[in-house]
Amino acid sequence: QVQLVESGGGLVQPGRSLRLSCAASGSINSIGTMGWYRQAPGKQRELVATITNGGRTNTRDAVKGRFTISRDNAKNTVHLQLNNLKPEDTAVYYCNADIITTAPIVRKIYWGQGTQVTVSS
């Protein structure tokens, strides 16, 4: 089975930075688009950024210029660099990936477990 394992969340003061990572492992044939979503308290889950397997990115306007998504195809890993963090960035951040598995060959969206990012002074 495929798993996405996240790391890098934590508690930071406003203006500080975090780097989130999410590595996919398991019976993977190929990985298409990977992305990051977040869900703040009392709010709906929202897209943060996505990146295709070719490196094309799409970033939410609210975080554009502060957050950067990247990926390492050799390691099946997606990263999210969060700079100049603000209290309103506080949320659970989830990674996901569009994955085609092997034996059986199935396309499915996989999600990580979520990692808490808390920005507070």
Side-chain angles (χ1 to χ4, degrees):
Q1 290 292 97
V2 172
Q3 292 182 328
L4 300 181
V5 180
E6 298 178 326
S7 61
L11 172 63
V12 298
Q13 295 181 334
R16 302 290 289 273
S17 298
L18 286 173
R19 185 173 186 256
L20 308 182
S21 299
C22 179
S25 62
S27 301
I28 298 172
N29 178 272
S30 62
I31 302 178
T33 298
M34 306 180 80
W36 289 93
Y37 292 73
R38 69 183 183 184
Q39 187 168 18
K43 298 181 67 177
Q44 294 290 106
R45 183 188 66 184
E46 64 183 21
L47 173 70
V48 177
T50 60
I51 183 168
T52 69
N53 59 0
R56 183 173 298 171
T57 62
N58 183 24
T59 305
R60 186 179 188 86
D61 288 343
V63 303
K64 194 171 297 181
R66 297 190 297 118
F67 294 2
T68 302
I69 190 170
S70 62
R71 66 189 288 166
D72 185 340
N73 289 333
K75 297 181 178 180
N76 291 336
T77 299
V78 62
H79 305 281
L80 186 68
Q81 180 69 40
L82 301 85
N83 294 330
N84 191 24
L85 282 161
K86 303 176 179 180
E88 54 262 40
D89 296 319
T90 295
V92 178
Y93 285 71
Y94 300 90
C95 69
N96 79 342
D98 187 354
I99 295 175
I100 298 176
T101 62
T102 60
I105 299 176
V106 176
R107 184 184 179 186
K108 182 180 178 181
I109 303 296
Y110 289 86
W111 290 87
Q113 75 283 0
T115 184
Q116 178 71 48
V117 172
T118 302
V119 185
S120 176
S121 60

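Just the heavy atoms: all of them, side chains too, but no hydrogens, waters or symmetry mates, feed the values below.
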Can you name the nearest heavy-atom pair linking [X] to [Y], along with the distance?
| X | Y | answer |
| --- | --- | --- |
| Thr77 | Ala23 | OG1-CB, 3.6 Å |
| Gln113 | Val5 | OE1-CA, 4.1 Å |
| Ile100 | Ile105 | CG2-CG2, 3.7 Å |
| Arg66 | Asp89 | NH1-OD2, 2.7 Å |
| Val63 | Thr59 | CG2-CG2, 3.7 Å |
| Leu4 | Cys22 | CB-SG, 3.7 Å |

### Pair Trp111-Tyr37, ring pair (Phe, Tyr, Trp, His ring centres under 6.0 Å): steps then yes or no
CA-CA 10 Å; Trp111 290 87; Tyr37 292 73; 5.0 Å; yes
#### Entry: Cation-pi geometry met for Lys108 and Tyr110 (6.0 Å, 45°)
yes
### Task
Flag yes if more than 12 heavy atoms outside Gln3 fall under 6.0 Å of its CD atom; otherwise flag no.
no
### Task
Report yes if some heavy atom in the side chain of Asp98 is under 4.5 Å from a heavy atom in the side chain of Asn53; otherwise report no.
no
Has [X] got a side-chain atom pairing as donor or acceptor with [Y]'s backbone, closer than 3.5 angstrom?
| X | Y | result |
| --- | --- | --- |
| Thr52 | Arg56 | yes |
| Thr101 | Pro104 | yes |
| Glu6 | Cys95 | yes |
| Thr90 | Glu88 | no |
| Asn96 | Gly35 | yes |
| Arg38 | Val92 | no |

### Task
Could you tell me whether Lys64 and Asp61 have a side-chain N and a carboxylate O separated by less than 4.0 Å?
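Salt bridge between Lys64 and Asp61, a charged N being under 4.0 Å from a carboxylate O: yes.
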### Query
Regarding His79 and Ser70, is there a side-chain donor-to-acceptor distance under 3.5 Å anywhere?
no
### Distance-only donor-acceptor check, side chains Arg71 and Asn73, under 3.5 Å
yes
